[in-house]
Amino acid sequence: MTMAHKRSKKRGIQHRRRERRFVPSKTTTSGFGFWGGMAGSLLLGAGVYAAWIRDPAIPYAALMVGAGAALFVLALVLGDVGTAPVRIGDAGVALERGTEFTRIPWCDLKRVYVAKGRLIAQAEDGTTLSLPLRAHSLAAAWLLSETVRRVPEVMDVKPSVVDALPKPDPGDGESVVVQALQVVGRHCAASGEPIQFERDARLCPRCAQVYGRNHVPRKCRTCGADLGEAAVAL
Ligand SMILES: [Zn+2]
């Protein structure tokens, strides 16, 4: 067997880590997201015309451009127009923005709560992911059930919210390979040593805590899950 062969076989192991991918439901696009975005882009267009194309320029044209752009961005941020796909699985919860991922592993979660119709996952370092409960009801249901199973102490959501969401079903979402799980540069939770290569990292299967491969404890320091053989490579 050649080296290249061996290497590709090793890479195959990485692909065991999977997660569920949820796209927001199209039917619940919020009024503000749609009309705000529309009004913003119209205002922006009118402002551009008034400032640079019309001669003489209208004095408040710059204001129109600014207000139009601000409204457009606000609509993207607040409205479901900008709602991103969500991934939930062994590696934690992640929001997709094109090819960019914002990911919070379970072990880094500090609090999961609801505010203004959105489910918010907040990490120790201040990173927050927020999903609209209506457009992402299935993802929200999964995020809550996985939170209860893996890191129950961070759950800060009323049972009535959970009851209003769909019941998680094993067939939900699209099963995809875990991407963009950043382990290089993290510190082994047992030895404190930085992880220098992805191949040296071992993960807790329950909370995704990271250990150096030579320092895997019997039980996870964060969630108490049995490790040893169960601590899997990426
Ligand atoms: Zn753990």
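Only heavy atoms go into these numbers, but all of them, side chains included; no hydrogens, no water, no symmetry mates. Every number for a ligand or one of its atoms is a count from 1 in the order of the listing. Only a predicted model underlies this, so the values are computations on that prediction, with no experimental measurement involved.
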| field | Nonpolar side-chain network containing I120, other nodes, edges under 4.5 Å | value | Y113
| In the hydrophobic cluster built from side-chain contacts under 4.5 Å, what are the other members alongside V48? | L44, W52, V65
| request: Look at atom CD of E100 and say whether more than 12 heavy atoms of other residues, nucleotides or ligands are closer to it than 6.0 Å. | output: no
| Which residue pairs satisfy the salt bridge (Lys or Arg N to Asp or Glu O under 4.0 Å) criterion with at least one member in residues 158-176, sequence neighbours excluded? | R21-E174
| query | Are side-chain heavy atoms of V183 and L203 found at a separation under 4.5 Å? | reply | yes
| query | With a 4.0 Å cut-off, would you call D226 and R218 a salt bridge? | reply | no
| message | Less than 2.8 Å away from the Zn ion (ligand 1), how many protein N/O/S atoms can be counted, ignoring water? | response | 4
